[in-house]
There are 2 protein chains.
Amino acid sequence: MGAIREQKKKITKKAILNAAIQLFGEKGFENTSIEQIAKTAGVGKGTVYSYFTTKRDILYAFCEGELEYIHEQMASKTNQNAPILEQMLTIFMAEFQYITKNPEFGRLFIREMAFPNPTFLDDHQDNDKKYFEMIFPIIIRAQERGEIRSELEPLHVCGHFFALFLLLLHANYTKMIPFEEAEKTLRTLFSQVIDGLQPAGSGDACKGVTHG
Amino acid sequence: MGAIREQKKKITKKAILNAAIQLFGEKGFENTSIEQIAKTAGVGKGTVYSYFTTKRDILYAFCEGELEYIHEQMASKTNQNAPILEQMLTIFMAEFQYITKNPEFGRLFIREMAFPNPTFLDDHQDNDKKYFEMIFPIIIRAQERGEIRSELEPLHVCGHFFALFLLLLHANYTKMIPFEEAEKTLRTLFSQVIDGLQPAGSGDACKGVTHG
DNA sequence: TGTAAAAGTCGACTACGGTCAACTTTTACA
DNA sequence: TGTAAAAGTTGACCGTAGTCGACTTTTACA
């Protein structure tokens, strides 16, 4: 029933991925050739292309797997009744740490994730769906607790946080803010936006408290 | 005094840029080779590389020039006393229209602009500076008029708008929202964030008005 | 104006990403 | 078990981005 084939394919794919990760780590993405990956994995160049459509796809496959793992970790560890600010900070800072751990990887990955090539749109739709499944419950619970106005679209609320996450990465890659200030900055921006989303009369803004 | 040389260089650079724009427009960025650009411009391949460091750099040089022009247009046309919401919408929607006019160009450009390659960081610092010079006065005037709390860092306020602009492009490139709804969506998100930034007691949030 | 050096031009060359038709292995089934 | 077809593998091959050293033009200055 094709069991041998399945087994072999898994092993080969893993071997290629491992070889790629190792070489990318050693020499960087741009300085690693497909032929080197193939040789290291003990297969022919053509075989690499029967498992991955492009060189970037190899990188992307790895990153996606890792991110999914991180998301699961976060989702299970986060205190579901903590303020939305803390929950969002935990999730997005974990993702930020992961992406910037290897700046070169991270840049390519976030470029592809934020502004994808139409060819890979389908992959992203899957990815985005998992993303929403993690974020939406947090927003809905915050709405139930009265932290966020309940008539707001969860999609829009989610958008605000994701937007600031993109901004943080932009600020990081343009060296506009030093790495160490990332969390502090994100906290400030998240607080400010939550002020605009909370119910009438309950916000810092309405008490005239500063955020800077 | 090297006048002939200067003149020739300008002409050659312009010729290469024109050839590139023409070919990119006709056949797309990926399907245009440097050799074709060189031939069309009437120079050798090596000459192209003495004016531009990479193929993408040619595209980028063009986009930057265009954007600068658009920014100037916007800055001069905008009503300086309109609500900050309207001024920001005008500027960012103009930029959005320009970037998405040619989706392929736009994707490469925004990728490079948002998450730049460290090699080109210097170019971006220039670009960002011009950007701030356009946005900051609008924010400061809004603070003076009492639309935005005056103790907030203009840089942070600017960040909120730019973040939502990046989000809009993301939503557009992932086909999350149809092109026609771009402006409506950006208006909603901008309004929501301004609520969180305005002085105590003056905001929609404090009056319990919806935004969705 | 003659000339040496600096600036600019050039296309053959290198290395790489991605393709493809020939070849090998595995499967399904008589 | 024998065999034909399906699935998987391979490296020679193609086109192109980017390099480099030989060549041409311009400049500075005697």
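Numbered from 1 within each chain, the chains take letters A, B, ... in sequence-line order.
Defined by atom type and a distance below 3.5 Å, a donor-acceptor pair is missing between the side-chain atoms of K175(A) and Q125(B). A donor atom on one side chain and an acceptor atom on the other are not found under 3.5 Å apart for Y131(B) and H124(B). Under the 3.5 Å distance criterion, with hydrogens and angles disregarded, a donor-acceptor pair is assigned to the side chains of Q22(A) and E26(A).
The distance from atom CD1 of I37(A) to atom P of dC16(C) is 11 Å, rounded to the nearest whole Å. The NZ-C1' distance, from K39(B) to dT16(D), rounds to 14 Å in whole Å. In this structure, Q36(B) places its CD atom 10 Å from C1' of dT16(D), rounding to the nearest Å. Taking atom CZ of R5(B) as the reference point, atom C1' of dA6(C) lies 6 Å away to the nearest angstrom. At whole-Å resolution of the value, NZ in K13(A) and P in dG8(D) are 12 Å apart. Rounded to whole Å, atom C1' of dA15(C) lies 14 Å from atom CD of E30(A). Spacing between atom CZ of F24(A) and atom C1' of dG17(C) amounts to 12 Å, rounded to whole angstrom units. Across the protein-nucleic acid pair, K55(B) atom NZ and dG15(D) atom P stand 15 Å apart, rounded to whole Å.
Within 6.0 Å of OH on Y69(A) lie no more than 12 heavy atoms contributed by other residues, nucleotides or ligands. For NZ of K14(B), the number of neighbouring non-hydrogen atoms (other residues, nucleotides, ligands) closer than 6.0 Å is 12 at most.
Here dA4(D) sits opposite dT27(C) as a Watson-Crick or G-U wobble pair (both hydrogen-bonding atom distances under 3.5 Å). Look at dG11(C): its Watson-Crick or wobble partner, with both distances under 3.5 angstrom, is dC20(D).
Contact between the side-chain N/O atoms of S50(A) and the OP1/OP2 oxygens of dG8(D) is not found at any separation under 4.0 Å. Y49(A) has no side-chain polar atom (N or O) that falls below the 4.0 Å cut-off from OP1 or OP2 of dT9(D). The side chain of K9(B) places an N or O atom within less than 4.0 Å of a non-bridging phosphate oxygen (OP1 or OP2) of dG8(C).
Taking the side chain of S33(B) as heavy atoms from C-beta on, and the options dT16(D), dC10(C), dT9(D), the nearest nucleotide is dT16(D).
Residue contacts for T54(B): at a heavy-atom cut-off of 4.0 Å it reaches the sugar-phosphate backbone alone, with no base atom in range. Using a 4.0 Å heavy-atom criterion, one finds that Y51(B) contacts the sugar-phosphate atoms exclusively.
For K45(A) against dG18(C), a side-chain N or O and a base N or O form a donor-acceptor pair under 3.5 Å.
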